[in-house]
There are 2 protein chains.
Amino acid sequence: MIRRFRGESLHKVDAKGRVSVPAAFRRVLEEGDPDFSRGSSPNFVIVYGGVRGDCLEGYTISSISKVDKLISKLPRFSKDREMLERFINTQSTYMQLDETGRIVLSQRLKEKIGIGDEAIFAGMGEKFQIWEPKNYQNELNALDSSFKNLSEDENPFLKLDQLQD
Amino acid sequence: MIRRFRGESLHKVDAKGRVSVPAAFRRVLEEGDPDFSRGSSPNFVIVYGGVRGDCLEGYTISSISKVDKLISKLPRFSKDREMLERFINTQSTYMQLDETGRIVLSQRLKEKIGIGDEAIFAGMGEKFQIWEPKNYQNELNALDSSFKNLSEDENPFLKLDQLQD
DNA sequence: TGCTATCTTATGGGATATCATGGAATTTTA
DNA sequence: TAAAATTCCATGATATCCCATAAGATAGCA
C-alpha cells in the first residue's frame, strides 16, 4: 500500500515554534524519504509561496522530487521554468522531523499564515497542509457553499468517473 | 537525496562587502564541489553577466560544469556559442566561502545589481540568486501579476503534468 | 472481559551548538 | 606605505539536541 496523507488534527505550537506532526503523517513522510532508515528522522519539504498564500504545504521528498524533475525538463532560463522554480523552489524549505516527531515553524513561516499557538494539519493525499485554525474553518465553509452552488455537470464527484485511466 | 537550493533569506552586507551565505546553501555548495573535504571551504561560481543583469547567480562547481558541457555542444565559432561563452564564462568568477561561511562582494559586483547593505538570497534548484531586496520584491510582484493574467492553458503548473515522465 | 504492563504520542524545559554579524589585527598589493 | 583585502577572534540570537512527563493507545494475559 502507498500510504497517503489523510485526516485532520489540531496541535499546539509552543514558544519556540515547535509543533508535533501527526503520527500518521510521520509514517507517510518516512516512506516518502528515500534516505530514511529506522532510527533516523525523515526529511521533507514545506512550500509556503505560490498560488495559495494562506497555508503551508508539506511534500515528501519523493513527491517533490517528481515535481523538480519535471521542472528540470523545461529549458533552462525559460520563463516558465523560472516561474516554477520561484514558486516551488524559492518559496519552500527543507524540514526534518526531530526525535519526538516535531518540526519548528520559524517566525517567518508563522507570520506567513498567521499562526499563533495552534495549528491544524490537514491531509490532502500526496501533500498535507498547515493552517491557522480560524482560517481553516473559513476555507471549509467557503468550499461548502461553493460546492452547493454547482450544477449537476459541474460536480467534480461526477466528473471523476469520466476520466480515462 | 540530491540537495537543491531552496528557500530565500535576507542578509546584511557590511562595509567590506562581506555577506553570509545561508547555511542551507553552504551544504549544497559543499556537495556540489568535487574537491571539497571536511574542514575546507567549498568553491563555486558566480555569474554576473547574462540573462538578466538584475541579479547575480551562484552555481555549484558541478552544476556550472553541466552548463559548460551544454555550451560545448554548440558549433565552435557559432554566434550562439560565442554569446553564451561570453555571458557564462567571461562574466563570471570563482568564489570561495571563508571560514565563517561568508563571501565578499566586490564593489563591481555590488554595483552590477545595485546592492547597498542588504541582500536577498533566493534558491532556484540548481542555482541560487542574489538580489537587492527592493528589486527582488518587484520581481516577485511582477511574477505574481503575470501569473494571474495567464489563461488556464498557459499555466505552467498545469503544463507540468502534461510533460512525459 | 477486565486489568496491568508497555509503548507511543504530544508536550514542556534546559543545555548546547550553529549561525549571522561585527570589529581588530595582519597580510597583500599597487 | 597607504589602501585594500584577508585572516582571526568575539558575541548575541537562533536553532538544535537531550531529557522529562503525562495522557492515550495497545498488547498480553488471567
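Please read these numbers as outputs of a predicted model, since none were measured by experiment. Per chain, numbering begins at 1; letters A, B, ... match sequence-line order.
- Phosphate contact (OP1/OP2 of C:dT18, side-chain N/O of B:R27, threshold under 4.0 Å): absent.
- To the nearest angstrom, P of D:dT6 lies 12 Å from CG of B:L105.
- Summary of the strand contacts: A:G101 and B:P22 both lie near DNA chain C, and taking for each the nucleotide with the nearest heavy atom, the more 5' one is attributed to A:G101.
- Side-chain proximity of B:T100 to the nucleotides D:dC9, C:dA10, C:dT11 is greatest for D:dC9.
- Of the candidate nucleotides C:dG22, D:dT6, C:dT9, D:dT6 has the atom lying nearest to any side-chain atom of B:V104.
- Distance NE2 (B:H11) to C1' (C:dT18): 14 Å, rounded to an integer number of Å.
- A donor N or O paired with an acceptor N or O is not found under 3.5 Å between the base of D:dT14 and the side-chain atoms of A:K16.
- What you find for A:H11 and A:P22 is that their closest heavy atoms are NE2-CG, 3.6 Å.
- Closest approach of A:M83 and B:P156 over heavy atoms only: SD-CG, 3.7 Å.
- Here the C1' atom of nucleotide D:dA4 and the CD atom of B:Q107 are 12 Å apart, to the nearest Å.
- Residue B:R26 is in sugar-phosphate contact alone, with no base atom involved, counting any heavy-atom pair closer than 4.0 Å across all strands shown.
- Ion pair A:E82/B:K127 flagged as a salt bridge, since at least one NZ, NE, NH1 or NH2 atom sits closer than 4.0 Å to an Asp/Glu carboxylate oxygen.
- Distance CZ (B:R102) to C1' (D:dA5): 13 Å, rounded to an integer number of Å.
- When the nucleotides C:dA10, C:dT11, C:dG22 are ranked by their closest atom to the side chain of A:K12, C:dT11 comes out on top.
- Note: CD (A:E99) to P (C:dT11) measures 18 Å, nearest angstrom.
- Residue B:R18 places no side-chain N or O under 4.0 Å from the OP1 or OP2 atom of D:dC8.
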